[in-house]
Student: 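Sharing a structure with you now.
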Amino acid sequence: MKILVVNGDCVQTNTSANLCHSAYIRGLLYAGHEVTLLSADGRDYVLDASIKLPPQLKCYTYYGVSLYEKMSLHKRAKSIPKGKTSLITPDTTANRKSISIVSKAKSFALSLYGVHGICSTFVRKAQKFRSDEEYDYILSISTPPASHLLVHNLMKAQHIKGRRWIQIWEDPWYSDVYGFSGKDKVFREEKRLLALAEKVCYVSPLTLENQKHLYPESAHKMFWQPLPFYYQAKTGIKHPSGRNLYGYFGDYVPAARDLQPFYKAAKETGIEVNICGNPCNLFSPTEQVHIHPRLPLNELKPIEDSTNVLVFLCNRKGGQIPGKIYQYSATDKTILFIMDGTEEEQRVLREYFGQFNRYVFCQNRVSDIAEAIRRIESGELGDVQNVPLDDFDPVRTVTNILEAGR
């Protein structure tokens with residue numbers, strides 16, 4: 001089948017969302033489909049050479065970097081010393097006031113771009129795209145939500161033709177876990193975009209139920225499928241001491257994920273752990289707890305390869321499931337699954353992921369995490385089997401999405 005994939009980001013920048021985007025694309029190609037990608041041009045961004053697009057993929061890109069982004073990227077490049085990945089600002093009263101003023105100025109500047117923010121520039125440029133192909137499926141993938149807006153505009157202008165249109169929402173918009181999108185105008189625009197779609201796919205059963213309640217008029221067209229994994233990894237090799245090496249890989253902004261209980265439990269139990277992600281200045285490193293910022297894939301992979309126990313932390317609220325769990329499930333490493341959120345959210349998560357007998361579950365409390373670590377260190381894993389799951393294989397995932405979208 002002929003399939004058009006539309007995404008408003010440059011898929012070769014290093015974000016967890018883009019790793020998922022590339023997994024969708026590979027899954028479609030491996031399933032034998034003819035795939036065309038319409039996305040943003042990567043100029044002015046730092047590309048990750050490890051994220052490679054398959055040669056058989058037809059690619060069309062549009063340069064849509066806004067003036068706001070150009071200024072921001074230029075200022076960031078000048079402010080960060082060479083060889084550094086981030087700049088830590090001292091937490092003083094003067095700096096806090098300065099940051100507050102800058103934040104308000106940025107919010108005002110962004111408001112001028114409309115509800116889709118800086119992505120509206122890309123949409124305006126990419127609306128020039130035309131194709132004489134009649135696609136069997138058009139898949140618009142957010143983030144960003146502007147991907148869905150672009151498809152609607154192109155179809156309305158008859159620049160593209162498709163038999164079926166599926167919106168894939170990796171994250172909801174209004175109820176996003178980071179809390180920066182909870183505005184009435186975002187709610188109205190998300191409602192409008194959902195009404196335009198033929199089918200809407202989410203990547204979490206919790207998000208699906210939340211969205212059905214928020215937008216009941218579109219509930220009948222909603223379904224969910226897990227994210228596909230983007231590569232398979234081999235088991236890490238234990239240190240000469242025979243001890244495990246733990247690893248948390250991903251961002252942990254406190255508003256979304258509370259990593260502090262694990263950090264405390266790691267120090268309490270004396271395990272060796274690498275924490276890679278932002279904000280990298282939140283915790284102090286110790287002899288056993290190593291803190292790294294977000295790393296490119298080629299720098300991150302050796303650390304992941306040497307890791308025996310992968311640490312997965314749920315979000316604090318909102319029902320979104322960090323995509324790392326699907327990737328981790330494709331390995332044969334031990335997975336420490338730290339649950340968070342409401343009791344109902346934890347029940348649903350335990351019910352779904354528990355069926356695989358693949359994870360060591362605990363709640364996000366220091367005592368619970370420390371007990372789970374003790375079980376892992378002593379080998380008391382019960383019926384947990386550290387074998388790769390193929391349930392999140394890219395081909396299986398995209399095939400299920402296409403079938404649900406018929």
Side-chain angles (χ1 to χ4, degrees), residues 7 9-27 29-30 37 39-57 59 61 73 76-77 80-88 141 143 170 227-239 244-253 257 259 272-283 285 289-313 322-335 388 392-394:
N7 180 253
D9 198 0
C10 170
V11 298
Q12 289 181 282
T13 56
N14 183 8
T15 67
S16 57
N18 280 331
L19 292 174
C20 294
H21 300 161
S22 63
Y24 281 123
I25 292 167
R26 287 200 313 275
L29 290 169
Y30 294 162
L37 172 66
S39 64
D41 190 289
R43 279 177 288 168
D44 295 343
Y45 287 94
V46 177
L47 304 184
D48 192 329
S50 304
I51 305 177
K52 297 180 180 180
L53 299 177
Q56 64 269 44
L57 179 68
C59 295
T61 61
L73 290 167
R76 178 173 174 79
I80 298 178
K82 189 175 182 181
K84 299 291 185 181
T85 56
S86 63
L87 192 63
I88 300 173
I141 306 177
T143 52
E170 294 162 335
L227 286 169
F229 60 72
Y230 44 89
Y231 66 81
Q232 293 179 300
K234 298 179 181 179
T235 302
I237 300 172
K238 285 191 177 182
H239 283 196
N244 289 312
L245 177 62
Y246 290 66
Y248 176 85
F249 308 108
D251 291 341
Y252 45 98
V253 177
R257 297 171 198 156
L259 190 62
E272 185 167 2
V273 57
N274 284 298
I275 296 176
C276 301
N278 290 321
C280 61
N281 60 330
L282 191 61
F283 303 122
V289 180
H290 315 293
I291 309 293
H292 309 271
R294 174 184 284 272
L295 299 172
L297 284 181
N298 61 339
E299 294 181 34
L300 182 64
K301 198 168 189 308
I303 301 176
E304 286 186 324
D305 287 346
S306 65
T307 299
N308 302 101
V309 182
L310 296 165
V311 179
F312 172 74
L313 174 62
K324 290 285 184 183
I325 191 58
Y326 304 112
Q327 172 57 38
Y328 291 170
S329 303
T331 73
D332 52 5
K333 303 171 187 279
T334 301
I335 301 172
F392 312 127
D393 178 83

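Because the structure is predicted, anything quoted here is derived from the model rather than measured. Any value given below was found using the heavy atoms of this structure, including those in side chains, with hydrogens, waters and symmetry copies removed. Numbers here are sequence positions counted from 1.
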Student: Are side-chain heavy atoms of Phe249 and Gln327 found at a separation under 4.5 Å?
Tutor: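 In short, these two side chains do not touch, never coming nearer than 4.5 Å.
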Student: Of all residues at least two apart in sequence or in a different chain, which pass the side chain to side chain contact (heavy atoms under 4.5 Å, CB included) check with Ser16?
Tutor: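 Scan of Ser16 (side chain to side chain contact (heavy atoms under 4.5 Å, CB included), adjacent residues dropped) gives none.
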Student: Within the distance-only criterion (no hydrogens, no angle test), does the side chain of Lys333 pair as donor or acceptor with the backbone N or O of Thr307 below 3.5 angstrom?
Tutor: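 The answer is yes, because a donor-acceptor pair under 3.5 Å joins these two groups.
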Student: If the plane angle is over 60° it's perpendicular, under 30° parallel, otherwise tilted; pick one for His290 and His292.
Tutor: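 His290 and His292: tilted rings.
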Student: Are any non-hydrogen side-chain atoms of Asn18 and Asn7 less than 4.5 angstrom apart?
Tutor: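 Of all side-chain heavy-atom pairs linking Asn7 with Asn18, at least one is under 4.5 Å.
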Student: Any idea which heavy atoms bring Ala17 and Thr143 closest together, and the distance?
Tutor: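 Distance-wise, the nearest heavy atoms are CB-OG1, 3.5 Å.
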Student: So which atom in Arg26 and which in Phe229 form the shortest heavy-atom distance, rounded to 0.1 Å?
Tutor: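 Distance-wise, the nearest heavy atoms are NH2-O, 4.2 Å.
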Student: Under 4.5 Å between any side-chain heavy atoms of Leu245 and Val309, yes or no?
Tutor: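 Leu245 does not reach Val309 side chain to side chain.
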Student: Kindly give the heavy-atom pair with the smallest separation between Ile335 and Tyr328, and that separation in Å.
Tutor: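 For Ile335 versus Tyr328, the nearest heavy atoms are CD1-O, 3.5 Å.
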Student: Roughly how far, to the nearest 0.5 Å, is the CG atom of Leu295 from the CG atom of Leu300?
Tutor: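 The CG atom of Leu295 is 5.5 Å from CG of Leu300, to the nearest 0.5 Å.
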Student: Report the residues that fulfil side chain to side chain contact (heavy atoms under 4.5 Å, CB included) with Leu19, sequence neighbours left out, ordered by chain and then residue number.
Tutor: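 In terms of side chain to side chain contact (heavy atoms under 4.5 Å, CB included), with neighbours along the sequence ignored, Leu19 is linked to Ile51, Tyr230, Leu297.
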Student: Roughly how far, to the nearest 0.5 Å, is the CG atom of Leu53 from the NE2 atom of His21?
Tutor: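 Between His21 NE2 and Leu53 CG, I get 12.5 Å after rounding to 0.5 Å.
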Student: Sub-3.5 Å donor-acceptor pair from the side chain of Asp251 to the main-chain atoms of Gly277, do we have one?
Tutor: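 No, the answer is negative, given that no donor and acceptor are paired below the 3.5 Å cut-off.
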Student: Rounded to the nearest 0.5 Å, what's the gap from SG on Cys280 to OH on Tyr252? Could you check?
Tutor: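 The OH atom of Tyr252 is 6.0 Å from SG of Cys280, to the nearest 0.5 Å.
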Student: Between Asn244 and Thr334, does the side chain to side chain contact (heavy atoms under 4.5 Å, CB included) criterion hold? Intermediate values first, please.
Tutor: CA-CA 10 Å; Asn244 289 312; Thr334 301; over 6 Å; no
Student: Tell me, please, which residues at least two apart from Tyr326 pass ring-ring contact (aromatic ring centres under 6.0 Å, His included).
Tutor: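 Counting only residues at least two positions away or on another chain, Tyr326 forms a ring-ring contact (aromatic ring centres under 6.0 Å, His included) with Phe392.
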Student: Could you measure the distance from the CG atom of Asn308 to the CD atom of Glu272? Nearest 0.5 Å is fine.
Tutor: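 Interatomic distance, Asn308 CG to Glu272 CD, rounded to 0.5 Å: 10.5 Å.
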